[in-house]
*Asks:* 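Please see the structure below; I have some questions.
These numbers come from a predicted model, not from an experiment. For ligands, and for the atoms within them, numbers begin at 1 and follow the listed sequence.
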Amino acid sequence: MNLDSQSLDCQSPDYQNLRERISRIRASIPPEVRLIAVTKTVSVEKMRAAYVAGIRDFGENRVQEALAKQEALQDLPQITWHLIGPLQRNKVRKAVEHFDWIHSVDSLPLAERIADIAQDLNRSPQICLQVKLRPDPQKIGWEPEDLRLALPRLAALPVLKICGLMSIPPLNADPEETLKIFGEVRDLAKNLTGLSDLCLQELSLGMSGDYPLAIQSGATMIRLGSILFGDRA
Ligand SMILES: *Cc1c(COP(=O)(O)O)cnc(C)c1O
């Protein structure tokens, strides 16, 4: 069932709640920070409600799931779609077609493939390079030294708007460690910008559990799921 915005039940407690959470968080962060609503496993009805409450940036971590939702929400103008999950080689074409931002570019072959396809489709996606500053088998991401070495090759892909870094601290990192990691990501972005023609001014940092620390560290984008929509099943 797809509710259109007219028939959204704006009196329902669920909707009121979502609206309140969105406005509370929006009011607590600097206006220039992009608030990305992470909607993996979230229904299109709830996404519609989030849209009505002012959300224009949606983050999904699976291409296939996102495509179905984009189709269901195609009547809503001005949505910016963010791919935030690992991208498999065979999904690159669809990802380039259907997302404005890709936050999870973690290797040179992936960047080069995105560039080839972007060229082909005459698209120019915004890219964040996902970095990993602590060993973490659960997470993808460049190690800083590998990224440094790859910079010239990345800078030679002008069809990609490579404009920032993304990172996810290890699950067990305490607040102090998380703050430290976010600060290191910020410093790394500055450092890499000084070493190349890339301008890494975007910092995609912070999720429900740690976004205030991310803001404190200079995040320009935060990716919030459960704090807006409740725990995922
Ligand atoms: C799921 C997810 C989020 C949101 O996580 P919450 O803790 O629910 O806010 C943010 N970023 C990425 C990459 C995710 O996969």
*Asks:* Taking only heavy atoms of Leu224 into account, list the atoms of ligand 1 that are under 4.0 Å away from them.
*Replies:*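 Answer, ordered by atom number: 9 (O).
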*Asks:* Identify, by atom number and element, the atoms of ligand 1 in contact range of Ser208, meaning under 4.0 Å from any of its heavy atoms.
*Replies:*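 Those qualifying, in numeric order: 6 (P), 7 (O), 8 (O), 9 (O).
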*Asks:* Atom CG in Leu192, atom CG in Leu154: separation rounded to 0.5 Å?
*Replies:*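 Nearest 0.5 Å value for the CG-CG distance: 10.0 Å.
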*Asks:* Where is the nearest protein heavy atom to atom 12 (C) of ligand 1: which residue, which atom, and how far?
*Replies:*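 In this structure, atom 12 (C) of ligand 1 has Ile84 CD1, 3.5 Å as its nearest protein heavy atom.
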*Asks:* Honestly curious: do Met221 and Leu213 fall in one hydrophobic cluster under the side-chain, below-4.5 Å linking rule?
*Replies:*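 The answer is no; the residues belong to distinct hydrophobic clusters.
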*Asks:* Any salt bridge linking Lys180 with Asp174? Criterion: basic side-chain nitrogen under 4.0 Å from a carboxylate oxygen.
*Replies:*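 The answer is no: the pair does not qualify as a salt bridge.
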*Asks:* Tell me the nearest of Arg62, Lys139, Met166, Lys40 to atom 1 (C) of ligand 1, using heavy-atom distances.
*Replies:*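 Shortest heavy-atom distance from atom 1 (C) of ligand 1: Lys40.
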*Asks:* Pick from Gln70, Lys40, Lys69: which one makes a side chain to side chain donor-acceptor pair (under 3.5 Å) with Glu60?
*Replies:*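 Between Glu60 and the candidates, side chain to side chain donor-acceptor pair (under 3.5 Å) is satisfied uniquely by Lys69.
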*Asks:* Just jot down the ligand 1 atoms closer than 4.0 angstrom to any heavy atom of Arg223, in number order.
*Replies:*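 Answer for ligand 1: 4 (C), 9 (O), 10 (C), 11 (N), 12 (C), 13 (C).
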*Asks:* Look at the aromatic rings of His82 and Trp101 and report parallel, tilted or perpendicular, splitting at 30° and 60°.
*Replies:*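 It falls in the parallel class, under 30°.
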*Asks:* If you measure only the distance, is there a donor-acceptor pair under 3.5 Å linking the side chains of Arg223 and Ser204?
*Replies:*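 There is such a pair between these side chains.
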*Asks:* Could you say whether the N/O atoms of Gly225 and ligand 1 ever approach to under 3.5 Å?
*Replies:*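 Yes - when backbone and side-chain N and O of Gly225 are compared with those of ligand 1, one distance drops under 3.5 Å.
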*Asks:* Within less than 4.0 angstrom of ligand 1, does Ile227 place any heavy atom?
*Replies:*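 Flag not set, Ile227 not near ligand 1.
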*Asks:* May I ask you to identify the nearest protein heavy atom to atom 5 (O) of ligand 1, giving residue, atom name and distance to one decimal place in Å?
*Replies:*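 It is Met207 CE, 3.5 Å.
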*Asks:* Which of the atoms of ligand 1 are close to Ile168, meaning less than 4.0 Å from one of its heavy atoms?
*Replies:*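 Per the distance check, 13 (C).
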*Asks:* Hey, does His103 sit under 4.0 Å from ligand 1 if you only count heavy atoms?
*Replies:*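 His103 does not count as a contact of ligand 1 under the 4.0 Å cut-off.
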*Asks:* Is it the case that the side chain of Asp197 and the backbone of Ala155 share a donor-acceptor pair, with hydrogens and angles ignored and the cut-off at 3.5 Å?
*Replies:*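 Flag not set: sc Asp197 to bb Ala155 has no pair under 3.5 Å.
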